[in-house]
Student: 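Would you mind keeping the following structure in view while I ask a few things?
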Amino acid sequence: MGDFCQIDKQEIIKRYKPIDKYTHKGLRGHALIIGGSYGKMGSVVLASKACIKAGAGLVTAYIPKCGYDIVQISVPEVMVITDDYLEHIIKIDYKLQPQAIGIGIGMGQHPDTGHAFLNFLKMNKLPLVVDADALNILSQNKEWLSLLPKKTILTPHQKELERLIGEWNSEDEKLEMVRKICIEYDLIFVLKGVPTIIIDNTSTYENTTGNQALATAGSGDVLTGIITSLVAQSYKPIDAAIIGVYLHGLTADIAYPDVSYQSFIASDIIETLGEAYLHIIA
Ligand SMILES: NC(=O)C1=CN([C@@H]2O[C@H](COP(=O)(O)OP(=O)(O)OC[C@H]3O[C@@H](n4cnc5c(N)ncnc54)[C@H](OP(=O)(O)O)[C@@H]3O)[C@@H](O)[C@H]2O)[C@@H](O)CC1
Ligand SMILES: Nc1ncnc2c1ncn2[C@@H]1O[C@H](COP(=O)(O)OP(=O)(O)O)[C@@H](O)[C@H]1O
Ligand SMILES: [Mg+2]
């Protein structure tokens, strides 16, 4: 059944890379976040802000035109490239060479967006994090899984996973179904839940941080930003997933005593990321 590992502080310390004194933003990785659609631009604001706050040197958001002012005003640190179309993405076209790409948040499932996603998958060779509507589009086109680069990180919640692999009768059956896909396409799955479990071929990692304060809109979009940031910072995909999930949950554990479960929102995850980092290096 392969090895099982609990993600605790020791596992993070083994993987965490200190920041060199003489670094500069060009060495801290450039991440590209692709997503957004009319009414769901907040997901890209959250993911791209989380991405730069998790330590990427540069972050660019690729979004439909409707989101231009929203993202530029909400997160001045993040650069923006817009699709020609107003309300959703119909063509994914950019000149930059990022070190990691996070795709799908708030993207919607319009057929034109699906077509743009297919063309992107056909040409992309860069490390990838796939979430939300990109997962939902993959669920409707399962043959596209073979176009994903090796060690692509998929981050489904329960319903997104069900759409992708079908229904299961037990947790064990679910994990076996996921392992089969991981091995077939050499992928990494972050099964968001309570607890979040990461599957990398036959290895299984169980996160030990987080609480019900995370059950709030946008918290998965933030996780996508964090993991994409860590991949852009040259962490191996599996280490980016492990550290990302741990930090994400740790913010809720740190914040809960001050803000209760109800009043913790996705933006608070981003605001607490610095404290979470200090917890792991202290
Ligand atoms: N501010 C923004 O711009 C935001 C934008 N967002 C963007 O919206 C898009 C849609 O993403 P989404 O996750 O909200 O919708 P969807 O994929 O239909 O799944 C929701 C349904 O699944 C079910 N469900 C069962 N278990 C579940 C679980 N553990 N966690 C979650 N759901 C679970 C449950 O259905 P039920 O089980 O009740 O039938 C529930 O109704 C996506 O692109 C995302 O990035 C959001 O991030 C929010 C903030
Ligand atoms: N009760 C809970 N306890 C711990 N973590 C939770 C709980 N509910 C949700 N989460 C976490 O919150 C995030 C929700 O992701 P997702 O549903 O994709 O959010 P969204 O799409 O709204 O951004 C996941 O990381 C999940 O593990
Ligand atoms: Mg989500």
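Both ligands and their constituent atoms are indexed starting at 1 by order of listing. For the numbers below, each heavy atom of this structure counts, side chains included, while hydrogens, waters and symmetry mates do not. Position 1 is the first residue of the sequence, and the numbers go up from there.
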Student: For residues 47-59, run the donor-acceptor check on the side chains, cut-off 3.5 Å, and write out each pair with its distance to 0.1 Å, sequence neighbours left out.
Tutor:
from	atom 1	to	atom 2	distance (Å)
Ser48	OG	Val44	O	2.5
Ser48	OG	Val45	O	3.4

Student: Treat each ILVMFWY residue as a node, draw an edge where side-chain heavy atoms are under 4.5 Å apart, and state whether Met79 and Tyr68 are in one component.
Tutor: no
Student: Between atom CD1 of Ile199 and atom CG of Leu191, what is the distance when rounded to the nearest 0.5 Å?
Tutor: 5.5 Å
Student: Parallel under 30°, tilted from 30 to 60°, perpendicular over 60°: which one fits the rings of Tyr94 and Tyr62?
Tutor: perpendicular
Student: What is the nearest protein non-hydrogen atom to atom 6 (N) of ligand 1, stated with its residue, atom name and distance?
Tutor: Asp221 OD2, 3.8 Å
Student: Could you check which of Gly220, Ser43, Ala215 puts a non-hydrogen atom nearest to atom 5 (C) of ligand 1?
Tutor: Ser43
Student: Is a salt bridge present between Asp131 and Lys192, judged by a nitrogen-to-oxygen distance below 4.0 Å?
Tutor: yes
Student: Nearest protein heavy-atom contact for atom 26 (N) of ligand 1: which residue, which atom, what distance?
Tutor: Gln158 CB, 3.9 Å
Student: Show the short N or O contacts, below 3.5 Å, that ligand 2 makes with protein N or O atoms; if there are none, say 'none'.
Tutor:
from	atom 1	to	atom 2	distance (Å)
ligand 2	3 (N)	Asn211	O	3.3
ligand 2	12 (O)	Leu214	O	3.1
ligand 2	12 (O)	Ser219	OG	3.0
ligand 2	15 (O)	Gly220	N	3.4
ligand 2	18 (O)	Lys192	NZ	2.7
ligand 2	19 (O)	Gly220	N	3.1
ligand 2	22 (O)	Gly218	N	2.9
ligand 2	23 (O)	Gly218	N	3.2
ligand 2	23 (O)	Ser219	N	3.3
ligand 2	23 (O)	Gly220	N	2.7
ligand 2	23 (O)	Asp221	N	2.9
ligand 2	23 (O)	Asp221	OD2	3.4
ligand 2	27 (O)	Gly193	N	3.2
ligand 2	27 (O)	Gly193	O	3.4
ligand 2	27 (O)	Thr196	OG1	3.2

Student: Would you indicate which of Gln109, Arg163, Glu160 comes nearest to atom 16 (P) of ligand 1 when only heavy atoms are counted?
Tutor: Arg163
Student: Rounded to the nearest 0.5 Å, how far apart are CZ of Arg163 and CG of Asn136?
Tutor: 4.5 Å
Student: Please work out whether any backbone atom (N, CA, C, O) or any side-chain heavy atom from C-beta onward of Glu162 is under 4.0 Å from ligand 1, and answer side chain, backbone, both or neither.
Tutor: neither
Student: What is the ring orientation for Tyr85 with His88, classed by angle as parallel under 30°, tilted 30 to 60°, or perpendicular over 60°?
Tutor: tilted
Student: Specify the protein heavy atom at minimum distance from atom 36 (P) of ligand 1: its residue, its atom name, and the distance to 0.1 Å.
Tutor: Lys159 NZ, 4.3 Å
Student: Heavy-atom contacts under 4.0 Å between Asp133 and ligand 1: side chain, backbone, both, or neither?
Tutor: both
Student: Run the side-chain contact (heavy atoms from CB on, under 4.5 Å) test against Glu11 and tell me which residues pass, sequence neighbours left out.
Tutor: Cys5, Asp8, Lys14, Arg15
Student: Tell me every residue that passes salt bridge (Lys or Arg N to Asp or Glu O under 4.0 Å) with Asp186, counting only those two or more places apart in sequence or in another chain.
Tutor: Lys151
Student: Taking atom types as modelled, is there a side-chain donor on Gln233 or Ser229 under 3.5 Å from an acceptor on the other?
Tutor: yes
Student: Who's the nearest protein heavy-atom neighbour of atom 9 (C) of ligand 1, and how far?
Tutor: Lys40 NZ, 3.7 Å
Student: Please check this pair: side chain of Asp253 against backbone of Gly210, looking for a donor-acceptor N/O pair closer than 3.5 Å.
Tutor: yes
Student: Return a yes/no value for Gly39: is any of its N or O atoms, backbone included, closer than 3.5 angstrom to an N or O of ligand 1?
Tutor: no
Student: Among His157, Lys192, Met41, which one puts a heavy atom closest to atom 30 (N) of ligand 1?
Tutor: His157
